[in-house]
Amino acid sequence: MREIFIKYNPYKLVTEIKIDGEPLKKNSKLNFEDRRLQEWVETLPDLLFEECSTRDFKIIFHGTIPDYEDMVGMVEDAEKRDIHIELEHIPAKEVKDKEDAIQEVFDEIQNGPFDELRQPDVIKAFNLAKSSDFEVNVVATMSAGKSTLINSLLQQRLMPAKQEACTATITEIKDNDAEHFMAKVYDKDGHLIQTHPELTYAIMDQLNSNPDVSKIHAEGNIPFVTADDVALVLVDTPGPNNSRDPEHKAATYRMLSESSKTVVLYIMNATQLAVNDDFNLLSHVADSMKVGGKQSRDRFIFVVNKLDDFKKGEDSVESAITKVRDYLKDNGIENPNIYPASALTALNIRTILSECDSIAADDDDEEDVDEAKAKARKFTKNEEMFFEKRAPLTPSARGQVENMLAEAIANGDKKQQALIHSGIISIEAAIKMYVQKYAKTAKIKNIVDTFIKKLESAHSFETTKQEIATNQDKQQEILEEIEIIKKKLASGEDAKKFKGQIEKINYDKEIRKLADSVMEGAQAKITQQLTSTDVKLSKRDAESICQVFAKFAEGLQAEVQVKLENLISNHIQKNAEDLLGEYKKKIAELAQDIKVGNVELNPFEMMQGDIISDTSSLIGEMTRSERVKVGEEWVENTSKKWYKPWTWLQEKGHYKDIYEDKEYVDGTELAQRFFAPIQELLYENSASAVEYAKEQTRAIKKAFAKKFDELDAVLSEKLKELEACAKDNANIEARIKETQDRLAWLENIQEKVNNILEI
């Protein structure tokens, strides 16, 4: 038996592995640098077998509980493949420990001796990192019970719930722990058109019926999380066939794409599987789940709703879940996380029955109360309805749910028992576990990085001041060197050279090549439609297949839009990072080879806390483009854009006339004529996307140039302060003592900050 030691730090994304006490060889496939455990844990048994040529291992794992539980899952799967692993756990500091340490350090910094660490930008960066939004996207096909499930999570009836697919807007519900929900309402061009200080079901119903409403942003209390944990945002998306705004379809594809790391609640109707709308969405889910290992699977929570709607003898919960599993497998989805649920039972318990002492039948009950009680009693009497037992929870989450159930049983609380059995508590636990495992660890790293860069800058600047104070004999030389840097900074030639380097950054060929590859994929899908169409069709079949073509075209347009968006986003990000790299090089070159005695003037070290570290926030401010509402009558449409899919087919009309007076319709000709303008528009949009990327690159360069000018001004101020320090010959001893004290304080804080990320 080989002994494997694995230490995994989820905050730093650092993995240390030793085999029988010896570090790994450099060429080992077990080097998981900068990768989440969930990306490689499932491949670990096979890699160990390949590395060690044995099937028996003892793994000593040093890490957090959520990560240890994924190791446990790996061990269970390995056993099925005849690889035997004995697992031992060395505990590590959990997320809660880190959050407490961060708050303590932040408070100490705000009460410390450095004014620059108390500036609004530092506080803003900390608060942004601490309260970053985390989206849970809710997707469903018609009549799956999506609105009911969201309402059960909110513990109130807020979202309109009808038998037909009723959601025609995108609704974002952000947790802020407030007593009432408020809302801002936007049209499809992003203009604010209404506000509601106290949102109600009636208002939401009216908003959903309003054709001018495209998006609702609501804020209030999502009870199963707290806002200081992470700002959870439930996003309710329109059904695949029920959007007034084609941009909504793109939003759904965007959220399902592999680049997204948000949680997706995919709600399915247990009594109505294999809905046509599912197929296209599930193919995208399958593609996304194949990239990124276990994390990609963890983020998709498949909720099988209405499992209590089967009549006695009609079907069983077990067979229904098996059907769902087989159905998902047929759509390319392996090992899905399936959570059985009755959202309506949970909602009834949390609303209609909230004031009732028990769920026992009562002759005085009103009809809806009596019905809600009967539904709840069903979940306390029939063990088949104990849905929490079938939920694929981690051991720690399962332990929490079982403790809640044990407490409810001890208290004789039948309502709480029924609520737990309904499956809703398990779904809430799964969301919270994902947030803790992925979102919170990333958040902690972002906050610590913000601290570290600011502290390192302050330390470098303070060290330079101390060296200047203790090298008074070199005063004139120091002043001369500061003057050299100031002149370089102010030099028109230097600025011209820098701007020339920035202008050379260009990815036109690269983005054109990538855009062409997106178009090739779209063309392949159209070709498949063309070749699969029957030659002769009846008029009725021709009309039906046109509807199928239209749905396919809408989906394809949304898919292409999202792929082009990702392409442009990556292109702009690359430009931004290169611009940043050029600026860092420029700052580093200012003081090249400058050293006077023990004094090193390093502008880059003094500045790194001020230099942009996260280019995405700056990019976000610059890539918004104004959307112009498109008219309905035929004109030369100059506002047609690749990123506004509702403008794509504006002027193209319908092809009914080609089969009106014929007994048969040529299917091949119908398909070719239907898709010809779509193919033309796709390629036009590809070209528009490339041009848009170029425009955005120019905007990025302009905005970064402005930001770099601001940073140059910050550096100039720092140099002035150093110059004043070098000229100040009075109270040298006192200044040296002051800098020593400040450096000691900084070093103490830096040690605390660095320790935050240790496990």
Side-chain angles (χ1 to χ4, degrees), residues 66 69-70 73 136-141 144-155 222 224-225 232 234 236 262-273 278 281-282 285 289 294-310 315-329 331 333-347 349-350 379 383-402 404-405 417-438:
E69 290 176 340
D70 285 334
V136 175
N137 293 274
V138 190
V139 184
T141 48
K146 176 179 62 170
S147 297
T148 304
L149 185 123
I150 293 174
N151 286 336
S152 68
L153 294 174
L154 298 177
Q155 301 187 16
I222 301 177
F224 73 93
V225 289
L232 195 75
L234 290 174
D236 180 22
T262 59
V263 165
V264 176
L265 283 183
Y266 197 109
I267 307 170
M268 308 173 77
N269 185 342
T271 65
Q272 189 182 343
L273 289 178
D278 265 343
L281 288 176
L282 288 176
V285 171
M289 287 175 70
K294 190 174 185 304
Q295 181 176 0
S296 293
R297 282 208 315 283
D298 281 353
R299 82 181 187 95
F300 286 97
I301 297 173
F302 294 94
V303 177
V304 184
N305 194 24
K306 304 189 180 183
L307 266 173
D308 56 327
D309 282 359
F310 293 114
D315 209 340
S316 69
V317 171
E318 189 62 45
S319 64
I321 292 173
T322 300
K323 283 177 187 173
V324 170
R325 197 175 299 281
D326 292 342
Y327 171 61
L328 291 175
K329 188 174 183 179
N331 281 274
I333 295 170
E334 301 281 349
N335 302 318
N337 294 308
I338 296 174
Y339 286 77
S342 171
L344 183 57
T345 300
L347 179 59
I349 292 169
R350 286 175 159 174
F379 278 87
E383 195 167 340
E384 189 184 30
M385 296 295 173
F386 292 2
F387 290 165
E388 82 284 354
K389 289 187 175 181
R390 303 175 190 275
L393 292 168
T394 61
S396 60
R398 184 173 300 284
Q400 291 167 10
V401 173
E402 287 177 355
M404 289 173 67
L405 182 60
Q417 291 173 49
L419 182 66
I420 293 167
H421 295 326
S422 74
I424 198 71
I425 299 293
S426 298
I427 293 166
E428 291 172 347
I431 294 170
K432 287 193 285 188
M433 180 53 68
Y434 187 96
V435 168
Q436 181 172 338
K437 193 190 296 184
Y438 301 111

Got a sec, which residues hit side chain to side chain contact (heavy atoms under 4.5 Å, CB included) with Leu344, two or more places apart in sequence or on another chain?
-> Thr148, Asn348, Lys375
Exercise: do Ser319 and Ser316 side chains pair donor with acceptor under 3.5 Å | yes
With a 4.5 Å limit on heavy-atom distance, are the side chains of Val225 and Val435 in contact?
-> no
Check against side-chain contact (heavy atoms from CB on, under 4.5 Å), Ile424 and Leu347 | CA-CA 9 Å; Ile424 198 71; Leu347 179 59; over 6 Å; no
Taking C-beta and beyond as the side chain, do Ile333 and Tyr327 meet within less than 4.5 Å on heavy atoms?
-> no
What are the two closest non-hydrogen atoms of Ser342 and Asp308, and how far apart are they?
-> OG-OD2, 3.0 Å
Does some side-chain heavy atom of Met268 sit less than 4.5 Å from a side-chain heavy atom of Leu328?
-> yes
Say you draw a straight line from CG of Asn137 to CZ of Arg299; how long is it, rounded to the nearest 0.5 Å?
-> 8.5 Å
Between the CG atom in Asn335 and the CG atom in Asn337, the distance rounded to the nearest 0.5 Å is 8.5 Å
Mind checking whether Phe387 and Tyr339 have ring centres under 6.0 Å apart?
-> no
Phe300 vs Val263 side-chain heavy atoms within contact, under 4.5 Å | no
For Lys146 and Ala140, the nearest pair of non-hydrogen atoms, with its separation, is CB-CB, 3.7 Å
Let me see the working for Ile338 and Arg390 under side-chain contact (heavy atoms from CB on, under 4.5 Å), right down to the final yes or no.
-> CA-CA 8 Å; Ile338 296 174; Arg390 303 175 190 275; over 6 Å; no
Do the non-hydrogen side-chain atoms of Leu405 and Val401 ever get within less than 4.5 Å of each other?
-> no
Atom CG in Leu419, atom CD in Glu388: separation rounded to 0.5 Å?
-> 10.5 Å
Distance (rounded to the nearest 0.5 Å) between Leu307 CG and Met385 CE | 7.5 Å
Electrostatic pair Glu318-Lys389, nearest N-O below 4.0 angstrom = no
Ile267 and Val139: CA distance, side-chain angles, deciding distance, side-chain contact (heavy atoms from CB on, under 4.5 Å) verdict = CA-CA 6 Å; Ile267 307 170; Val139 184; over 6 Å; no
For residues Gln417 and Phe379, determine if any side-chain heavy atom of one lies less than 4.5 Å from a side-chain heavy atom of the other.
-> no
With sequence neighbours excluded, residues passing ring-ring contact (aromatic ring centres under 6.0 Å, His included) with Tyr434 = Phe134, Tyr438
Taking every non-hydrogen atom, the tightest pair across Ala343 and Ser152 | O-CB, 3.8 Å
To the nearest 0.5 Å, tell me how far Glu334 CD sits from Met289 CE.
-> 9.0 Å
Ala430 and Ile301 have their tightest heavy-atom pair at CB-CD1, 3.9 Å
Only counting residues at least two apart or in another chain, list the ones meeting side chain to side chain contact (heavy atoms under 4.5 Å, CB included) with Glu402.
-> Arg398
When rounded to the nearest 0.5 angstrom, what distance separates CD in Gln400 from CD1 in Ile425?
-> 11.5 Å
For residues Ile222 and Leu232, report the shortest heavy-atom separation together with the two atoms involved.
-> CD1-O, 3.8 Å
Hey, is the main chain of Ser396 close enough, under 3.5 Å, to the side chain of Glu69 for a donor-acceptor pair?
-> yes
Determine, stepwise, if the pair Val138 / Tyr266 fulfils side-chain contact (heavy atoms from CB on, under 4.5 Å).
-> CA-CA 6 Å; Val138 190; Tyr266 197 109; over 6 Å; no
Counting N and O atoms only, with roles assigned by atom type, does the side chain of Asn305 sit under 3.5 Å from a partner on the main chain of Leu149, one being a donor and the other an acceptor?
-> no
